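Heads up, the thing below is written out as structure tokens.
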Amino acid sequence: MSKWSLPLVLVVGTLVVGGLSSAASGALTTGAAQVGDAASCKKGFTPAIIAGKSKCLKAGQACSKRYQKAYRKYGFNCVNGHLRKRAAPATPPAPPAPPAPPAPPPAPTPHAQPGHYKGLTSQITNFEFDVTGDGNFVTHLVTGQINEGCSPGGSLYGGDLNFGTSMIPITADGSFTIDIPYTGKVDEDPSTGHLTIIGHFSGTTATGTLSDTVSFTSEGTQYSCGSGLQTWTATRSG
């Protein structure tokens, strides 16, 4: 029985439509005319269906506030009894572009060629050091024996300086300086001293000077000793 229920409904539907009264048929005809009117609105008018009726809307026409929602659908507002075009929503300004990231600082310019430098002083003793990989520091500087004459008499020998991992900056003109006071002992007598080493790079060679002074008192006699101004030359060897 159930498989026949759908055809029966269809048949009944056909009968009902076929049996519409003339009044209902007239209502359908009128509705078609209303849609046709809306589609044929004059230029400058907006076709619309307001309260089930076809309308041609234009700014300035009389309107009813109760149909505000319908007017808005077609781009109008009912203001003080007359239609007014709805303003397009303002486009929010674009957010400002983020600032460009700062440029990375330039890599430091090497002030000397990196590597190991080895040479001699004017007293024919060892003088060597390293230049760091960035070319901007001297390190591992060592010397051989430093000989000094003393006043009122005698002489000193010693030195064999080793600066270890100390980092001595090389300036932009390729030079470096060590200028340090220090304290020590001559035999068992306390002493004070002052060491100055100056160097300058030119290509794979460095040249400079070395001087050292020592003062101490022994058995009531004050001694002043000095190496004088020695020179040195060291060449890059690796």
Side-chain angles (χ1 to χ4, degrees), residues 99-238:
T109 303
H111 298 153
Q113 293 191 29
H116 184 70
Y117 289 72
K118 185 176 179 62
L120 297 172
T121 71
S122 53
Q123 291 186 349
I124 319 300
T125 59
N126 184 47
F127 193 94
E128 60 185 297
F129 55 84
D130 293 328
V131 172
T132 55
D134 60 5
N136 292 318
F137 294 90
V138 167
T139 188
H140 300 120
L141 189 149
V142 297
T143 74
Q145 181 172 293
I146 300 174
N147 301 310
E148 302 185 20
C150 300
S151 175
S155 62
L156 293 178
Y157 61 91
D160 297 308
L161 303 174
N162 187 335
F163 284 84
T165 57
S166 297
M167 305 284 277
I168 303 135
I170 304 170
T171 60
D173 66 356
S175 63
F176 68 93
T177 300
I178 299 172
D179 188 20
I180 53 172
Y182 61 90
T183 60
K185 284 186 176 183
V186 176
D187 293 330
E188 295 301 317
D189 299 314
S191 64
T192 59
H194 197 110
L195 172 72
T196 302
I197 298 175
I198 296 173
H200 184 82
F201 290 89
S202 178
T204 58
T205 299
T207 58
T209 59
L210 178 154
S211 65
D212 184 62
T213 61
V214 177
S215 298
F216 64 97
T217 300
S218 177
E219 297 180 352
T221 302
Q222 185 173 351
Y223 291 87
S224 297
C225 307
S227 66
L229 190 64
Q230 301 179 27
T231 61
W232 58 265
T233 300
T235 303
R236 184 172 177 265
S237 59

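Only a predicted model underlies this, so the values are computations on that prediction, with no experimental measurement involved. Along the sequence shown, residues carry numbers from 1. Just the heavy atoms: all of them, side chains too, but no hydrogens, waters or symmetry mates, feed the values below.
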Nearest-0.5 Å distance that lies between atom [atom1] in [X] and atom [atom2] in [Y]:
| X | Y | atom1 | atom2 | answer |
| --- | --- | --- | --- | --- |
| Ser211 | His194 | OG | NE2 | 7.5 Å |
| Ile180 | Leu161 | CD1 | CG | 8.0 Å |
| Leu156 | Asn147 | CG | CG | 9.5 Å |
| Leu195 | Ile178 | CG | CD1 | 6.5 Å |

Restricting to pairs with a member in [range], which pass salt bridge (Lys or Arg N to Asp or Glu O under 4.0 Å), not counting sequence neighbours?
| range | result |
| --- | --- |
| residues 124-137 | Lys118-Glu128 |
| residues 195-224 | none |
| residues 101-112 | none |

Not counting sequence neighbours, which residues clear side chain to side chain donor-acceptor pair (under 3.5 Å) with [X]? List them please.
| X | answer |
| --- | --- |
| Asn136 | His111 |
| Ser191 | none |
| Asp187 | none |

Test applied, side chain to side chain contact (heavy atoms under 4.5 Å, CB included); reference residue, Ile197; option that passes from Thr209, Leu141, Thr177: Leu141

Partners passing ring-ring contact (aromatic ring centres under 6.0 Å, His included) against Phe176 (at least two apart in sequence or in another chain): Phe129, Phe201

Partners meeting ring-ring contact (aromatic ring centres under 6.0 Å, His included) with Tyr223 (sequence neighbours left out): Phe216

Pairs meeting criterion disulfide (SG to SG under 2.5 Å) with involvement of residues 138-237, two or more places apart: Cys150-Cys225

Disulfide (SG to SG under 2.5 Å) partners of residues 179-220, not counting sequence neighbours, each pair once: none

Sequence neighbours excluded - side-chain hydrogen bond (donor to acceptor under 3.5 Å, both in side chains) pairs with any residue from residues 224-238: Gln123-Gln230

Thr132 (side chain) donor-acceptor with Phe137 (main chain) under 3.5 angstrom: yes

Non-neighbouring partners of Glu148 that pass salt bridge (Lys or Arg N to Asp or Glu O under 4.0 Å), sequence neighbours left out: none

Give me the atom names and distance for the closest heavy-atom approach of [X] to [Y].
| X | Y | value |
| --- | --- | --- |
| Ile170 | Ala112 | CD1-CB, 3.9 Å |
| Tyr182 | Val214 | OH-CG2, 3.5 Å |
| Gly164 | Thr139 | O-OG1, 3.6 Å |
| Phe127 | Leu210 | CE1-CD1, 4.1 Å |

Stepwise side-chain contact (heavy atoms from CB on, under 4.5 Å) check, Thr143 with Thr121: CA-CA 9 Å; Thr143 74; Thr121 71; 5.8 Å; no

